[in-house]
2 protein chains.
Amino acid sequence: MRAGNLRGMSEGAEQSPVRARGRRAARTSGDDREQAILATAERLLDEKSLGAISVDDLARGAGISRPTFYFYFPSKDAVLLTLLDRVVAEADEAMRTVFEAPAAGPREGWQRALAAYHDTFRSHRALTVAWAEARSTSAAVRSLWAEVFERWVQRCAAAIEAERARGAAPAGVPARNLAVALTSMNERVIYASLSGDGPALAESDVVPVLLQVWLTAVYGRAPE
Amino acid sequence: MRAGNLRGMSEGAEQSPVRARGRRAARTSGDDREQAILATAERLLDEKSLGAISVDDLARGAGISRPTFYFYFPSKDAVLLTLLDRVVAEADEAMRTVFEAPAAGPREGWQRALAAYHDTFRSHRALTVAWAEARSTSAAVRSLWAEVFERWVQRCAAAIEAERARGAAPAGVPARNLAVALTSMNERVIYASLSGDGPALAESDVVPVLLQVWLTAVYGRAPE
DNA sequence: GAACGAGTCAACGCCGTGTCGAGAAACGGA
DNA sequence: TCCGTTTCTCGACACGGCGTTGACTCGTTC
């Protein structure tokens, strides 16, 4: 009895589901179904919100019955989590790239980081919106988000501290607090521009505006 | 047949539910029930999330049966919306007060505005968290939020423009875009600190950090 | 060809929502 | 005082989503 990949219970590593133990992964029709479910989920998310998608929709879309769905995934959230793992990997990779590449100057560097953040989520609009939606209902989704957020905050806080250390940025509130506030801004502004609900910035305005706020917050000074 | 107050359908004004048409509001046991429902909702929200509260919980808490609940409110969301109307009124009042009172200086003024924003939502923690949660499931809730957000943005954008006009703040990205980004930051940072999920600022750090970002973003300059 | 595991699904139980229609309770007039 | 109207109440229902159970098929392996 395949337990599905266990997203949804116990957080943690759990990279690839140990799959293909047998020499040649004999008869993998099961994997096809699993992929079909994931593909269906991604397709349906382009059309409707996560809440409007039922397990039955996913099963039908993958050409199986509802109980069979549960053979592959323990819940709808687990499907989302599996999909999100890809996005998270991509986001982490983008972050690594950006923070390790040498920048021509501060403006260049922060600009690139913000653009990377924006691009990553913009290129997975539907998933990003579903992610935010599921945060209120699933602790696992919430904590996956918290991990990603935390990694960005740490990178940014470290970068701010480095700028302060070399005398390029003035001291002020703790670097970590600054990073938390600014990263929160990124998150909310980008989400609003992707989901299109309420007053939001046009996509082309997002990075310039965020950049201005980041630069002044990190390097600028208040009046008096 | 009382239609309940019609929160949940057709947005709009709809201040007080036209109640008490009869000379003396003869026999208002109905109002008592309605208040009981609202009070129950507020009490339960302190204990559990909106999603974990069923219509049955609200009905039982108010001492009535589930069908009777529907005599007073068309849905659970409508109860929340009614509760939120109070918070919105309070937030608008706080905003009006803050923006109309003369400030000793820029720092004073913005500090007061941020504190007002923070205080308003902090004093209704449970409702604020429920509000955010319901935004993903109810269009009415979403649009109520958008209205409040928009009013703050307009006030702040106007204030920024005034500062620019009198030469105190440099030109840069459009004032409205700046206001949208900064207000988004407020929203997200305050929500995170109230809901306590994921990495968040301590409540006492919220206003100082936000203030630093606002001041530098409005008045400061980027390097080069 | 028996035993096994992977895969499949009809049928079930549970819980939440919202509605319908039959009443009880209070009032306002004739 | 009775009678109609309005207000209010709820038992019973229909529906839909979730997750589980138990039996059944079908290849593979020994």
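Proteins get letters first, then strands, A, B, ... in listed order; numbering begins at 1 in each.
What separates CZ of B:F73 from P of D:dC8 is a distance of 13 Å, to the nearest Å. Atom CD1 in B:I64 sits roughly 17 Å away from atom P in D:dT7 (whole-Å rounding). Distance, A:R60 CZ to C:dA10 P: 10 Å, rounded to whole Å. At whole-Å resolution of the value, CZ in A:F71 and P in D:dC26 are 17 Å apart.
Between A:R142 and A:E147 no salt bridge is recorded (no basic side-chain N to carboxylate O distance below 4.0 Å). Contact check on B:R176 versus B:E150 returns a salt bridge, with a Lys/Arg side-chain nitrogen under 4.0 Å from an Asp/Glu carboxylate oxygen. Taking the charged nitrogens against the carboxylate oxygens, B:E187 and B:R135 do have a contact shorter than 4.0 Å, which makes a salt bridge. Residues A:D46 and A:R125 are not paired through a salt bridge, judged by the lack of any N-O separation under 4.0 Å between the basic side chain and the carboxylate.
Side-chain polar atoms of A:D85 and A:T82 form no donor-acceptor pair below 3.5 angstrom.
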Pairwise N/O distances under 3.5 Å, protein to nucleotides 14-21 of chain C:
unit_1	atom_1	unit_2	atom_2	d
C:dT17	OP1	B:V55	N	3.1
C:dT17	OP2	B:V55	N	3.3
C:dT17	O4	B:R66	NH2	3.3
C:dG18	OP2	B:Y70	OH	3.1
C:dG18	N7	B:R66	NH1	2.7
C:dG18	N7	B:R66	NH2	3.3
C:dG18	O6	B:R66	NH2	2.4

Review item, nucleotides 22-24 of chain D N/O atoms under 3.5 Å of protein N/O:
none

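B:S65 has a side-chain polar atom (N or O) that falls below the 4.0 Å cut-off from OP1 or OP2 of D:dC10. Between A:T68 and C:dG7, a side-chain N or O to OP1/OP2 separation shorter than 4.0 Å is absent.
Heavy atoms only, all atoms of each residue included: B:L50 and B:A134 are closest at CD2-CB, 3.6 Å.
Residue B:R60 qualifies as open at atom CZ: its count of foreign heavy atoms under 6.0 Å is 12 or below.
Under the 3.5 Å distance criterion, the side-chain polar atoms of A:R188 are left unmatched by any main-chain donor or acceptor of B:R188.
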